[in-house]
There are 2 protein chains.
Amino acid sequence: MHADPYKIHSRHYVAVDCVIFGYEDEMLKVLLYPRGFEPSEGNWSLLGGFVDEDETLGDAARRVLYNITGLRNIYQEQVHAFSALKRDPAARVMSVTYYALIRIRQQDNDLVREHGAKWWPVADLPQLIFDHYDMIMHSLLRLQQKAGVEIIGRELLGDTFTITNLKKLYEAIFQREIDAGNFRKKILSLGVLQNTGRKDKHESKKGAYLYRYVPPDNLLNIVPIYK
Amino acid sequence: MHADPYKIHSRHYVAVDCVIFGYEDEMLKVLLYPRGFEPSEGNWSLLGGFVDEDETLGDAARRVLYNITGLRNIYQEQVHAFSALKRDPAARVMSVTYYALIRIRQQDNDLVREHGAKWWPVADLPQLIFDHYDMIMHSLLRLQQKAGVEIIGRELLGDTFTITNLKKLYEAIFQREIDAGNFRKKILSLGVLQNTGRKDKHESKKGAYLYRYVPPDNLLNIVPIYK
DNA sequence: CCAAAAGTGTTACGCCTACACCCATGG
DNA sequence: CCATGGGTGTAGGCGTAACACTTTTGG
């Protein structure tokens, strides 16, 4: 074992806080749990945890997510490191925010409820502890940036979805109305949605085609190449 | 003094690494210093430092920047936290990358040279230690995003500059040629550059007007409002 | 005078927006 | 048959790219 050459420097508690986005009832929601002890008892909190010696920040975020939702292989992305000296009044703790995108499904919700957690619409958040509101806003901005560049239907809606499903999701993410016809043309022109041929009749009598997201590279195997 | 409620958790070394961008000889450059000891002796390194108990990440980045350049009030922005377990072979150190924009000037360069530091063009970087190459690439991407949305002439060129100066800076940032006429029209249409009336004759016989960046809000005091 | 940079004008094209309009069908 | 959501078509506006053109002036 080598001597630690950095001994003279401070060591710090490092945590991760997860902004877990889900989509339900045509609303973008965030999973929060109620803080049951002081300080800030009664306020709501993101799911978080301390980073261990032998895990990366991403590992820690995945662990936190797994513990509460039971899900693995979830899309997540680092957002920002928060480090104000008194952000946690109990001790000096830096926290790195991650956001994650998951499908809200009933069976998962049981596990969620066990922890007392609850899905809150981003448009109607409760009082939050520390800097957690900032964390959510930072994450929402990043999500908007991502959604503006690529289609995130798969993560929040499931494997197949109608164009209207996707439009409503985008309206929830960007918190504004979107023209249905223009949205359809724009999305389809990106060439990453594959029509499954099946129709969904839950929303209309005519029925809407269900699409599947196909990553750009895979399309080379499907679309014929002219010569 | 309260008891520390988090005692059971690990503490970590946390560092910041600064990607210091400058502009010189029509090239975007990064300030690096040569590592004089093993491991990775002879390779080049970003300017970095450990985060103290009583400072934020931003504070630490400002301190590092001040120590090497003697400059304060520099524009800087957090980029990403790197946390691979073996990224520093000597110990487990997480590092948060910041990028900064500074004007390269001769007097500052003396201080820089004292430390053995050197400006390297981003298009022609030397071998770097650890994950510092990734840090620079992440930072460059962020810089491009920022430059795409707002004008960053002031930070890298100085208080006044010609449209051609700015065009060459943008060509350095985006590493591609830009049409002069279109660039001029686009930049001026943003309405955030104010013509000083003075001309710079260094680059041409005709002379080019020097412009000053004026933040959007201040323009309300200058541009008359029609009724 | 003329090379070279500064600055203006012109045209074409692609994308986005707004909105009118058809289609299909369950009740 | 008709209200409702699914889906298509079209015209105008705007920003951009490409590039031709005019202006200025030191050497």
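By convention in this document, chain letters (A, B, ...) are assigned in the order of the sequence lines, proteins followed by strands, and residues within each chain are numbered from 1. The analysis underlying the following values was restricted to heavy atoms, covering all of them including side chains, and did not include hydrogens, waters or symmetry mates.
- Within the 4.5 Å cutoff, the side chain of A:Tyr75 has no heavy atoms near those of the A:Arg154 side chain.
- Between A:Arg184 atom CZ and C:dC19 atom P the separation is 19 Å, expressed in whole Å.
- Position along DNA chain C of the nearest nucleotide to A:Lys199 versus A:Asn182 favours A:Asn182 as the more 5'-ward residue.
- The shortest distance between the side-chain N/O atoms of B:Ser204 and the OP1/OP2 oxygens of C:dA4 is not below 4.0 Å.
- Looking at heavy atoms from C-beta onward, B:Val51 lies in side-chain contact with B:Leu57 at the 4.5 angstrom threshold.
- When side chains are defined from C-beta on, B:Leu188 counts as touching B:Tyr211, because their heavy atoms get closer than 4.5 Å.
- Rounded to a whole Å, the CD1 atom of B:Ile178 is 15 Å from the P atom of C:dA6.
- Separating the CG atom of B:Asp179 from the P atom of C:dT11 is a distance of 17 Å, rounded to the nearest angstrom.
- Atom pair B:Leu166:CG and C:dG7:C1' shows a separation of 15 Å (rounding to whole Å applied).
- Of the two residues near DNA chain C, A:Arg176 and A:Lys205, the one whose nearest nucleotide lies more 5' is A:Arg176.
- Map A:Glu203 and A:Ala180 each onto its nearest nucleotide of DNA chain D; the residue landing nearer the 5' end is A:Glu203.
- Side-chain proximity of A:Lys185 to the nucleotides C:dC19, D:dT10, D:dG5 is greatest for D:dT10.
- B:Leu143 has its side chain within reach of B:Leu101: a pair of non-hydrogen atoms, C-beta onward, lies under 4.5 Å apart.
- The residue B:Lys186 sits close only to the backbone: its heavy atoms come under 4.0 Å of sugar-phosphate atoms, none of a base.
- Applying the 3.5 Å distance criterion, the base of C:dA24 shares no donor-acceptor pair with the side chain of A:Lys206.
- For B:Thr164, a side-chain nitrogen or oxygen approaches OP1 or OP2 of C:dA6 to under 4.0 Å.
- Note: CZ (B:Arg198) to P (C:dA6) measures 17 Å, nearest angstrom.
- Atom CD of B:Glu177 and atom P of D:dC19 are 13 Å apart (whole Å).
- Across all strands, A:Thr162 comes closer than 4.0 Å to no nucleic acid atom at all (heavy-atom distances).
- Here A:Glu203 pairs with A:Lys168 in a salt bridge; the nearest charged N to carboxylate O distance falls below 4.0 Å.
- Residue B:Lys201 is in sugar-phosphate contact alone, with no base atom involved, counting any heavy-atom pair closer than 4.0 Å across all strands shown.
- If you measure from atom CG of A:Asn165 to atom P of D:dG5, you get 14 Å, rounded to the nearest angstrom.
- The interatomic distance linking A:Ile163 (CD1) with D:dG5 (P) rounds to 17 Å, in whole Å.
- Backbone-only contact: A:Gly207 has heavy atoms under 4.0 Å from sugar-phosphate atoms and none from a base.
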